[in-house]
Protein chains: 6
Amino acid sequence: MDLSDYRFSAEPYYRPVGHEIALYEHAYAHRLPLILKGPTGCGKTRFVEYMAWRLGKPLITLACNEDMTAADLVGRFLLDADGTHWHDGPLTVAARRGAICYLDEVVEARQDTTVVIHPLTDSRRKLPLDRKGEVVTAHPDFQLVVSYNPGYQSSAKSLKPSTRQRFAALEFDYPDATAEAEIVAHEARIEPALAATLVDIARHSRALRARGLDEGVSTRMLVYAGVLIRDGLPAAESCHMAMTSAITDDPDLRQALQDIVDACLG
Amino acid sequence: MDLSDYRFSAEPYYRPVGHEIALYEHAYAHRLPLILKGPTGCGKTRFVEYMAWRLGKPLITLACNEDMTAADLVGRFLLDADGTHWHDGPLTVAARRGAICYLDEVVEARQDTTVVIHPLTDSRRKLPLDRKGEVVTAHPDFQLVVSYNPGYQSSAKSLKPSTRQRFAALEFDYPDATAEAEIVAHEARIEPALAATLVDIARHSRALRARGLDEGVSTRMLVYAGVLIRDGLPAAESCHMAMTSAITDDPDLRQALQDIVDACLG
Amino acid sequence: MDLSDYRFSAEPYYRPVGHEIALYEHAYAHRLPLILKGPTGCGKTRFVEYMAWRLGKPLITLACNEDMTAADLVGRFLLDADGTHWHDGPLTVAARRGAICYLDEVVEARQDTTVVIHPLTDSRRKLPLDRKGEVVTAHPDFQLVVSYNPGYQSSAKSLKPSTRQRFAALEFDYPDATAEAEIVAHEARIEPALAATLVDIARHSRALRARGLDEGVSTRMLVYAGVLIRDGLPAAESCHMAMTSAITDDPDLRQALQDIVDACLG
Amino acid sequence: MDLSDYRFSAEPYYRPVGHEIALYEHAYAHRLPLILKGPTGCGKTRFVEYMAWRLGKPLITLACNEDMTAADLVGRFLLDADGTHWHDGPLTVAARRGAICYLDEVVEARQDTTVVIHPLTDSRRKLPLDRKGEVVTAHPDFQLVVSYNPGYQSSAKSLKPSTRQRFAALEFDYPDATAEAEIVAHEARIEPALAATLVDIARHSRALRARGLDEGVSTRMLVYAGVLIRDGLPAAESCHMAMTSAITDDPDLRQALQDIVDACLG
Amino acid sequence: MDLSDYRFSAEPYYRPVGHEIALYEHAYAHRLPLILKGPTGCGKTRFVEYMAWRLGKPLITLACNEDMTAADLVGRFLLDADGTHWHDGPLTVAARRGAICYLDEVVEARQDTTVVIHPLTDSRRKLPLDRKGEVVTAHPDFQLVVSYNPGYQSSAKSLKPSTRQRFAALEFDYPDATAEAEIVAHEARIEPALAATLVDIARHSRALRARGLDEGVSTRMLVYAGVLIRDGLPAAESCHMAMTSAITDDPDLRQALQDIVDACLG
Amino acid sequence: MDLSDYRFSAEPYYRPVGHEIALYEHAYAHRLPLILKGPTGCGKTRFVEYMAWRLGKPLITLACNEDMTAADLVGRFLLDADGTHWHDGPLTVAARRGAICYLDEVVEARQDTTVVIHPLTDSRRKLPLDRKGEVVTAHPDFQLVVSYNPGYQSSAKSLKPSTRQRFAALEFDYPDATAEAEIVAHEARIEPALAATLVDIARHSRALRARGLDEGVSTRMLVYAGVLIRDGLPAAESCHMAMTSAITDDPDLRQALQDIVDACLG
């Protein structure tokens, strides 16, 4: 596996919202395993990409899901013309060669899969490859980072206490209005005033979570709307296509969102 | 894989019902991932075929189902005489070579399978092939389009908020009476007056959804009925065979449909 | 695969009960996908065999079941001395080479399996072999026919609306008394009077469905009874062995059936 | 596969309890598929062995269970040095080469597995090997026989109506006291008087089924007890070891059985 | 497979508690299949080892569990350089070569797995290897023995009536106080008086089963405690480590056990 | 497999909290199987590592999980260029070559998987490799150690009585305040006073278990906080990142923890 695929040649755009960069650097200095907590689309993935770039380390990202097995993380035997040979999984590659390994939406993985990270996240920093009969000692640069959204997960999907205890944690939320407008303006390449209007819509929409909306409008959706407006599509239509229509199938919630859009666009 | 199988040599027949063609072009210009929402048989698949033809791009279509695994989308190792070698799945082919990838009835796939599209649908536009140890950067022409019917899906079958947030959306419904009659006349090669009568039946049948019918008579069924009538089968028998008998097993609903047919055929 | 195994050299015995032969020919003329609906043992399978013979087409029949996967229909890679090679499944053989493909008891298959027939049953008439990376365009002779019994299936086992919408339908029931007696006399090679008596038993038994009998005595059971009587076994014993004892384990229903037999045999 | 393993060189001991031998011969003359119904240990398996010997046909027996797949019946591809080749399953062997195929406790198999027998049990007498692309026409000697115990099965485990309709049925029960004593005396090689006493115990025990005993003492258990007594073990201890202790773990039922034993042994 | 691994070169220590040795010999003389019933740790496994040594037969033991498949018992095809070849499972080895096959905790196996023993446990004494197409006739020395603990199993885990009916049964319980003390003194090499005290603790602990303790202190635990005391650890600490702490996590039950220990050790 | 990977070259830091070292040595002298019981993060794993170092034995550790099969413990056949050959699992390696085998969080494994350890944990000390047809006699140095946390496991996840009975047990809890402060000061390399303050926070937090906190702050978390403080991060922020934020998503519990931190840091 060529790790250069996993290095960032250009600086990923990231606008800090607090001193999370310093906190991450403290954690990385001691290679503390780290949990990033926060709502969908608030920038956790972008942050870890930025930190990997800043620290000059490769980043191996895995989107966790219920079908992911321990072998998907650790590796397995594959068959070729000379018989079976071992194929390191992404976690093993990261541990062996010193990448940051980022398990996105870790609570989607079965608890049983996640126990394979335990020996990597205590003082041992080792990864036993039971099927291969090898114990990998983590590279000094290796760090494990996981993320999840504490907002809408069921109790069935959470980290085991014995897993949690192995991590320090950073908390994220949507950026404040000023920061978010700055991000939207930068990413969609639109005027600050328009970005501020879009952010205004998003912030009102997030209040609908109390009325049954799973998630409010994310920063990413605002960027989509901004891009469409810049491209010449009317603002109302752009917001409908990029936000209202995409975010829910519930007629009442859609009307409420539409009303917010209409009010903000004035 | 020879992508020419996935290109349209002839223009697929598509009759626009609004300015959905322009909206799609705006979305494609920025390669925004797109959701097509609407009832069964209203023309979503035909629309995406038309757009692929219009944009001159190959179209790779997948009918999603619960058994579909991430490997079915992304690819897997196959064994041949020289050992195992990697075989790109259809999503990987589309991303690597610049096709439009269309996931039909995406909510039928397990939520866990659909997370593999996440890194392709944010600013990264990358597809990590974890088992192969490669990260595919999407071809500039690549776009992801998904569809579903918001009407009869259970809450167990819906898109995760973290998936939804990655898409803009276009909404479809059955075409209005004039447009639908034009489509039926064109496809079944029948007289406009007969087509209008058949559309009249369909529009009344769709009102039965409130009384328990899963779906009303679709445009496709009208075409079937039209074809049978053109072929010399009596209109009542054609409607029975192509609509009433096919659409439900419930005796009451069938009688109600039969009454609609009789009234419209006069 | 040698399709001659799937052709009928002799005309299968089929006694029409209405103008279902003409209706089928209309549907086949336009290759409309067809649903055959009706109770167990009423002759659906025999009918499609007769039509395949009449139209001079090979018939590939599959008894659907819950374990049937999409690969069982479409095909899979098999390993031989030269490595893996693709093996067309029966649906693919039928589509590629122009057979009628008959999915018996289609509701037994999982809904997720049946979505593979969608692209074959709309205007595309194509079958994408995703794992092989090929799109099969259906042979002009190809037609898809499915059957099920609307009577005793649970709601968990039914066709999805998006599947139903792709089919025209023919409805079957047990033949009327005259026709059924003719069939029994022909197949069991017994006298018309005896056949009429057996049919009388069957028709009374079918009324027990309202009292909990899953299915009434089928035409096939009457033929069994007729054969045993012709062979010299007393009529009461033949009816007991071929009907009463086989059809249910419930003591009350068996007594009711026995009473019907005794009354009819007089 | 060498079918001589499946032929009986010696006559299996079978004591008729009615004219079931003649009924079976009538059914076999027309190759009617046959259900044998009756309680555990009443002699169904022995009967079909006897009939196979009497008719001079090989007998292939399968004990059905929930893990049995269609491939276990029909066959599968196996891999050897020259690649994959097809391996006929026992049902296919029986159909191809003319054995009687006996599916013991057929209701234990999943309903989905049993549908593979449908085309063998109607007028087609064919077995399609879908994965191999071959249709086996049954050998003229082939017959299918299935058995189950209607007494203690749950409703979840029963034959589908569409399966039942394909069979004639023979009903079995424990033999009457005289016949059962004759069997026990013959098989355990004990005196008729002792055999009669043991049968007396069994017949009383079977009345406990109304009080919660799953099954009464079977003929086989009587033979066990008889063998132990003949071997010199005291009668009470033999009955305890071969019957009371084996048949239940419930203290009350065991005491009731013990009381029956004590009373009968006097 | 080298059966000498399965023979006992030295006499296993077994102290009879009744005439179970003679009863077993009667059963073995006729090769009756045998159930050993009794609580955990009361000596069933040791008994069957002793009998195998006494009869001079190899003993093949399998600890049953829910994942055990019929193929684990019977055998399967394995692949080597010359292709697939059949590998006898332990039940097949025992049947073919004349070992005693002991299925420990048989109720842990799925009922569906255990039906494979049926043809070996009636007059046929045959084991059909369906996948191989061979019928193994049991070696004259072969006997099947199974065990389970009737005390704490749920109703979901029990033997099917049709399986039970094939066995004679021997019942075991903890040995009486004298015998148990003798065993503990022998195995832990401690003084009879200390052994008697430990047995006293065990007997009181077993009364706690009525108060929620799953199982009382077993003979094996007494041996552990005896060994630790002989090794110089104080008696109270030895009993805590070998009994109280190991047997339960419930604070109340532990206190009750502790009180018993304190009282007995005086 | 090279066992040197599994030996400790340096003494693992372990601070005894009682005479658990002597108790372990007594158990090891007789190779008694051992359960280590206690809360998450209290030092069970470190203790067994220390004992393995002290006894000069290799230690093979397995983190148990629900997907772990018996084959993962015992071994399996793997395919290479010369066909299949057997690959010992870690339990087999430990038994064959004389390591201590440590099954961490054993209750996470299915009860059915854990029965494979039974023959290794009674007087036999043997491990039957059923699929290979070999019985491994344990090396004289082999010992089995398992651990679990009795505090938060559900009743569905516990050891079977027949498994428990095979073990002696040692109980662990968090060390007392003095010992814990000593550990934190040593591991985080901070001043004793600061360590004492952090321990004070932990001890208060553990009282929140009665109010719904799954686990209190562990010693490991205190070390994390200490490391961050030593690195220059303010104490409050360090405690938030290493404890409060990581340990729970519940707002009320987090506030309660925050209050404890504020009070202790004064």
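Chain letters run A, B, ... following the sequence lines, proteins first and then strands; every chain starts at 1.
Interface summary for chain B: among A:L213, A:L62, A:V227, the most heavy-atom pairs under 4.5 angstrom belong to A:V227. With chain B as partner, the option from A:M241, A:E237, A:E49 having the largest number of non-hydrogen pairs under 4.5 angstrom is A:M241. Comparing A:S218, A:A242, A:A71 by heavy-atom pairs within less than 4.5 Å of chain B, the highest count is held by A:S218.
The contact list for residues 13-21 of chain B toward chain A, using heavy atoms and a distance under 4.5 Å, reads B:H19 by residue number.
Going from atom OG1 of A:T61 over to atom NE2 of B:H118 covers 13.5 Å, rounded to the nearest 0.5 Å. For the atom pair CG (A:D5) and CG (B:L129), the distance works out to 10.0 Å, reported to the nearest 0.5 Å. Note that the CZ atom of B:R124 and the OG1 atom of A:T45 stand 5.5 Å from one another [nearest 0.5 Å]. Atom CD of residue B:Q165 and atom OG1 of residue A:T219 lie 9.0 Å apart, to the nearest 0.5 angstrom.
Only the backbone of B:T121 comes within contact range of chain A, with heavy atoms under 4.5 Å apart. For chain B, no part of A:V223 is nearby; none of its heavy atoms comes within less than 4.5 Å. Residue B:L23 touches chain A through both its backbone and its side chain, counting heavy-atom pairs closer than 4.5 Å. With a 4.5 Å cut-off on non-hydrogen atoms, A:S238 does not touch chain B at all.
Minimum interatomic distance between A:T248 and B:K37 (heavy atoms only, all atoms of both residues): O-NZ, 3.2 Å. When all heavy atoms of A:L228 and B:A27 are compared, the closest pair comes out as CD2-N, 4.3 Å. Closest approach of A:D231 and B:A29 over heavy atoms only: OD2-CB, 4.2 Å. Between B:F167 and A:M221, the shortest heavy-atom distance links the atoms O-CE, 4.4 Å. Between B:H26 and A:G232, the closest heavy-atom pair is CE1-C, 4.5 Å.
Within 6.0 Å of NE2 in B:H204 there are 12 or fewer heavy atoms belonging to other residues, nucleotides or ligands.
Between the A:Y224 side chain and the B:R166 main chain, a donor and an acceptor come within less than 3.5 Å of each other.
Salt bridge annotation for A:E215-B:R164: absent, with no cationic side-chain nitrogen under 4.0 angstrom from a carboxylate oxygen.
At a cut-off of 3.5 Å, with distance as the only test, a side-chain donor of A:R46 or B:S123 sits close to an acceptor on the other residue.
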